[in-house]
Structure formats: structure tokens, C-alpha cells
Amino acid sequence: MIIEKIKWVIANSVENLYPGISIQIDLEIPPEGFGDFSTTIPLKLAKILKKPPIKIAEEILQNIKSDIFQSIQISKPGYLNFLLSLDTYKEFLVSLEKDKEKYFYKKPNDKKVQIEFVSANPTGPLHVGNGRGGIIGDVLANLLKTQGFEVEKEYYVNDAGSKIDSFAESIFYYYLLDCDIKTNFPEDGYKGDYIKDIAKKIFNESGKRFSKMVKKNAIEQIKEVGKNFMINDIKLSLEAFGINFDSWFYETTLYKNEEIQKTLNIFKNTPYTYTSDNAIWFKSTSFGDDKDRVLVRGSGEPTYTLTDATYHRNKWERGFHKVIDIWGADHFGHITPMKALIQGMGLPKDFLDIIIYQIVHLFEDGKEVMMSKHTGSFVTLDELIEEVGKDAARIFFLLKSADTHLNFDVNLAKSRTIENPVYYMQYTFARLTNIFKEGIKRGIKYEGIARAESLKLNKEERNILNSLIFVEELLNKVSNDYSVSKIPFATLELAQKINAFYQKHKVLQAGKLTQQRLALVNTSLITLSLLFDVMGIKKIEKM
RNA sequence: GCGCCUAUAGCUCAAUUGGAUAGAGCAACGGACUUCGGAUCCGUUGGCUGCGGGUUCGAAUCCUGCUAGGCGCGCCA
């Protein structure tokens with residue numbers, strides 16, 4: 001791992017020169033003309049050491065002893081710019097070719113991580129907003145796997161509580177209409193066509209049977225049918241979007257085995273609960289919340305707050321070292337209470353990370369499409385995937401960082417699918433694979449980089465190699481800050497460099513350089529393949 | 001009212017978390033190849049980083065006061 005080595009060399013030098021100072025080594029690909037890689041470490045140290053950055057850069061430079069570099073230079077305010085030696089590039093090509101995608105994988109670190117995402121209530125089909133959370137979670141899971149984590153993807157099914165009740169009552173209302181019985185539409189009911197479809201389906205299968213039962217029992221049974229229907233529908237949508245969950249966790253299971261009662265007992269044994277107005281309260285203000293939260297209602301029923309605490313306690317007991325929840329911005333207000341609950345139960349504060357992604361706004365014909373399950377007006381994820389295709393839709397979501405608002409222009413997505421960058425990536429991949437095919441036709445055999453003699457690199461080749469090497473740092477960075485949108489950007493940049501090279505230099509008619517260039521093509525394909533896998537998009541050899 | 005998110009080229013977005021000349025794609029204009037895929041490449045035009053102050057060697061990024069849009073502020077989930 002070249003990046004790791006470079007960082008190690010710099011860190012070592014810093015440690016020798018300034019004992020006791022610990023600092024994170026940063027590496028970046030500098031603007032053209034400033035070397036292959038660079039670091040701002042002297043600038044950062046300048047603050048701590050209160051010394052001019054150029055002076056520090058000089059000291060570090062003097063102290064570094066390594067044959068990784070061809071040369072090291074200092075520039076303006078205090079950058080260190082590194083030029084890699086040809087042997088380093090050769091060594092990189094050899095190991096990447098040998099280990100293939102695994103080159104970028106870290107050894108297992110025995111840390112179990114759970115990512116919980118989508119988790120939309122099973123009261124309606126997934127809409128495009130759910131797609132955004134889905135992509136972030138799915139890609140993050142793929143990424144963390146490369147970094148040695150054992151990752152589990154979980155969907156939390158809120159199949160208890162008032163939402164699902166109102167869902168069942170809504171179906172029942174339409175079912176009764178099918179039986180020619182007119183009742184009052186339930187308050188906060190759901191009006192989408194899919195509700196009517198489920199009602200019709202039940203009517204067609206069971207006739208008027210439920211209309212003759214005690215209402216409560218009828219609704220209870222209809223709830224089961226409707227719920228299962230919706231969950232199945234959601235599973236199909238996710239599958240079409242390329243997302244597979246390892247685990248489906250049902251909220252109702254928390255109500256079994258007195259799990260909620262156990263959680264309540266834990267809280268009661270802390271100084272953080274009290275009773276007021278017949279309700280049991282959690283003193284979340286002790287953990288920075290702006291008001292306390294009810295755990296058990298005056299009626300004796302647990303609140304969502306208590307079941308969610310129970311759910312997270314359950315995660316802890318399943319042995320995860322880290323749990324990541326991905327929520328839409330409409331759940332923002334729940335972050336502080338949730339983190340307070342974690343601490344209130346005595347779990348480590350950093351056990352839970354929460355990623356918030358901003359709401360998706362849909363625009364059609366220049367007008368915003370209001371999305372609501374209650375009114376039944378929204379664009380489903382299925383419709384989107386059908387219009388633009390799975391890979392294009394995935395990249396469309398992935399390209400926006402989670403904390404920016406996403407304005408989704410439906411017309412644009414429908415009419416300009418060709419302009420989606422995913423095609424550029426896939427095209428690049430297809431072109432490269434074609435070089436090998438063409439080589440076979442012409443009787444040119446690739447013998448492997450290990451047998452090639454010393455390298456001779458032009459500017460374009462060096463650019464590609466630097467990007468390939470830097471993927472190591474990209475993955476590392478994203479695993480720390482969860483900024484999955486960096487992956488498609490880096491992939492596009494790599495593809496751009498590859499195309500620039502492709503345009504300017506021939507591979508199969510390069511004489512003595514042909515083998516070296518085939519090695520570059522081969523390792524580029526390996527790296528693209530890894531990036532495509534992390535993003536969950538298809539590798540296409542023929543477009 | 002309070003908390004958080006956002007505001008960057010005509011449009012959609014970046015900017016390695018305080019670093020080099022703020023970069024890409026689309027759009028517009030001008031170029032490039034008789035043999036590995038033109039769904040490509042190269043170049044030009046386009047910026048008071050929403051507005052005003054401050055912090056320092058250095059600010060799109062930090063602090064502060066505004067403006068505009070969004071999300072939230074239940075014994076709902």
C-alpha cells in the first residue's frame with residue numbers, strides 16, 4: 001500500500017524531529033506541476049511549533065530517507081511535494097496485478113458494524129426519497145466491507161404503533177365500500193390507489209367475510225395481510241434498485257419477551273426518570289436535549305421513544321461495535337433524544353452514528369410535486385427505476401452529498417438519461433476491455449507486468465497511476481466521514497484521465513511500451529471494477 | 001420564536017474539512033483522428049463563493065449580524 005508507506009515515512013520523520021507531537025498525516029493529489037502527491041503537514045505543524053512552515057518543510061525533507069521517491073520539493077507557503085520513483089510505480093503495478101481488487105481491501109479488523117437504513121413504514125410503496133437513503137446505506141456498507149469491517153444491513157420494519165393501525169383502517173374503509181358499506185374515512189387515513197388495490201384484492205380473495213366480523217378483529221387480520229403485501233412490495237422495489245438487506249427486524253418482536261419492560265427497568269434504575277401526569281419521563285435534558293421525553297404514556301402504553309431505545313439496546317446486545325442509522329432530514333429532531341437514550345442506558349456515546357440526508361424535492365413541468373403517503377400523491381421508486389434504469393438512478397442519488405437538498409427534476413431524468421455520468425464510466429470500462437479483445441485478434445499477448453523491464457511513463461500515464469494509487473486514500477477517507485458521494489466523483493476523474501490517455505496514446509501499437517501499457521489498462525480495469533462494485537453498478541463490456 | 005441544513009459559472013454540482021491559480025459536467029463557441037469504441041479528446045468564454053463585518057501568514061470553509069429557501073420543535077412514528 002503506497003499511500004500507507006508514504007504516510008509512514010512522513011510520520012516517522014515528524015516523530016524523529018518533534019518528539020511528542022502527534023498529527024494526522026494528510027496526502028493529496030496536487031495541481032499539475034507540483035508533483036505526484038503532496039502534504040500540508042508543515043503548514044499544520046507551523047501552528048503547533050510556532051515556526052515558519054518553510055523551515056519545518058526543510059527539516060522534514062532533510063530527515064526523510066526513503067527510496068519511494070524520485071525527489072521531494074518544497075513549495076510556497078510550506079507544501080511538501082513528492083515525485084514517486086519509477087520503481088515505486090512498478091512495485092504498485094505488480095502488487096495490484098497480483099492481488100487484483102483485494103489490493104484495496106484491508107485485513108479483517110473484527111469490528112461488527114450495522115447499518116440501518118430505508119426503514120420506511122410499511123404503509124405504502126417506497127418513494128424516490130427512500131431511494132436516496134437506500135443508496136447511501138448500500139454503498140456505505142460495500143465500502144466498509146473493503147475496510148475490514150463485518151457489515152450487516154438492516155431494515156427496521158415499524159409494524160406496530162399508530163401509523164400501521166391507520167393504514168389498516170384505511171384498507172378496511174375501502175374494503176367495506178367494496179362490500180357496499182359506507183363508513184366514515186378514518187382520521188389521518190391513507191388515500192393512495194394502492195390502498196384501494198389492497199382492499200380490492202382482499203375482497204376478491206375473501207369476499208364479504210371481514211365485514212361480518214367484530215371490527216377490531218377484522219382490522220387486526222387486515223393489518224397482517226396489508227402489511228405483508230406492502231413489505232413484499234418494498235422488497236421487490238429494493239431488489240430492482242440493487243439493494244439486498246441482510247436482516248429485516250420487526251418492531252413487533254420487541255413487544256415479545258418483555259423487551260420493552262426490560263428497557264424501562266434499566267431506565268428506572270438510573271437517576272434519569274421521573275413520573276409526572278401519570279406518565280414516565282426520561283430526563284434527556286441531562287444529555288443536552290431541550291426537553292424531557294415521555295417513555296410511557298399516561299395510558300400505560302410505551303412511546304416510540306421507548307421502543308426505539310429498546311431497539312437500539314437490542315442492537316447493542318447483538319454484539320455490534322458500531323451502529324449507523326441513516327435518516328431523512330424529517331427525523332432530524334430525533335437525533336439528540338436518540339443519543340441521549342443511548343447514554344441514558346449506559347451505552348458508549350459513540351456506539352451510534354447518525355447520517356442525515358436532506359429531503360428530496362421532486363419537480364415536474366417546473367412545478368414541485370408534493371409527496372405524501374396520506375394523499376397518495378408521490379413518485380414511487382419503481383417508477384423512477386423504470387424510467388431511468390437502475391444504474392443511472394443509483395449514480396443520480398450518489399452524486400449529491402447527503403447534506404445538500406436534492407431537487408429532482410423528473411422531466412430531466414426522463415429525457416436526458418444519456419447524460420448521466422454513469423454511461424461515461426461504463427463506456428470507459430468497455431473501451432479498456434476492448435483493447436484486450438483487439439489484442440487477441442492481432443496476436444498480441446499480455447505477459448504480465450512482472451516481466452516488463454523498467455518503466456517509461458508519459459504525463460497521462462502518470463496521472464492515471466496516481467489516481468489508481470490514491471483510491472486507497474479515498475476509501476480510507478470515506479470510511480471515516482461516510483461521504484459516499486466522493487466515490488463517483490473520484491471514479492469520474494479516473495475515467496477522465498483514462499480517456500485522455502486513450503485519445504493520445506496507442507496501446508497495441510506502442511512497440512516496446514505495449515506491455516507496460518497493457519499493464520496500465522489491466523490495473524485500471526481492476527480499479528474501476530472495484531469502484532463499480534462499491535457503487536453497485538454494472539460493468540459493461542459492450543454498450 | 002428556537003435548533004439544524006442549504007446558498008459557489010446561465011443550469012446541475014465539486015473543492016481532500018483552514019491551504020497552491022475556486023474546479024468538473026451540461027449549455028455556447030472553436031478545434032482534433034484513414035487502424036485499440038467519436039457515448040471520445042483538446043481549447044475558449046463564463047466567478048465580488050447570497051450580503052455586511054471580524055479572526056490570521058492564508059477563509060467558499062471558522063466567529064458575528066443580516067437576506068432567501070428547506071426540515072424539525074407531540075403522551076405521532
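Letters A, B, ... mirror the listed sequences (proteins, then strands); counts begin at 1.
Between the side chain of S38(A) and the base of A20(B) there is at least one donor-acceptor pair of N/O atoms closer than 3.5 Å. For H405(A) against G69(B), a side-chain N or O and a base N or O form a donor-acceptor pair under 3.5 Å. A donor N or O paired with an acceptor N or O is found under 3.5 Å between the base of U40(B) and the side-chain atoms of Q503(A). Judged by atom type and distance alone, N81(A) reaches the base of A20(B) through a side-chain donor-acceptor pair under 3.5 Å.
Considering only side-chain N and O atoms, Y424(A) lies under 4.0 angstrom from the phosphate OP1 or OP2 of C41(B).
Using a 4.0 Å heavy-atom criterion, one finds that R293(A) contacts no nucleic acid atom at all. Using a 4.0 Å heavy-atom criterion, one finds that L432(A) contacts no nucleic acid atom at all.
Between A15(B) and U8(B), the two C1' atoms lie 10 Å apart (nearest whole Å). Rounded to the nearest Å, the gap between the C1' atom of A68(B) and that of U44(B) is 34 Å.
A salt bridge links D159(A) with K227(A): at least one charged nitrogen is closer than 4.0 Å to a carboxylate oxygen.
Here the rule is side-chain contact (heavy atoms from CB on, under 4.5 Å) with I41(A), and of I56(A), D26(A), L80(A), L27(A) only D26(A) fits it.
Ring orientation note: the planes of F249(A) and Y311(A) are tilted relative to one another, at an angle of 30° to 60°. Relative ring orientation between F282(A) and F287(A) is described as parallel, the plane-to-plane angle staying below 30° on a 0-90° scale split at 30° and 60°.
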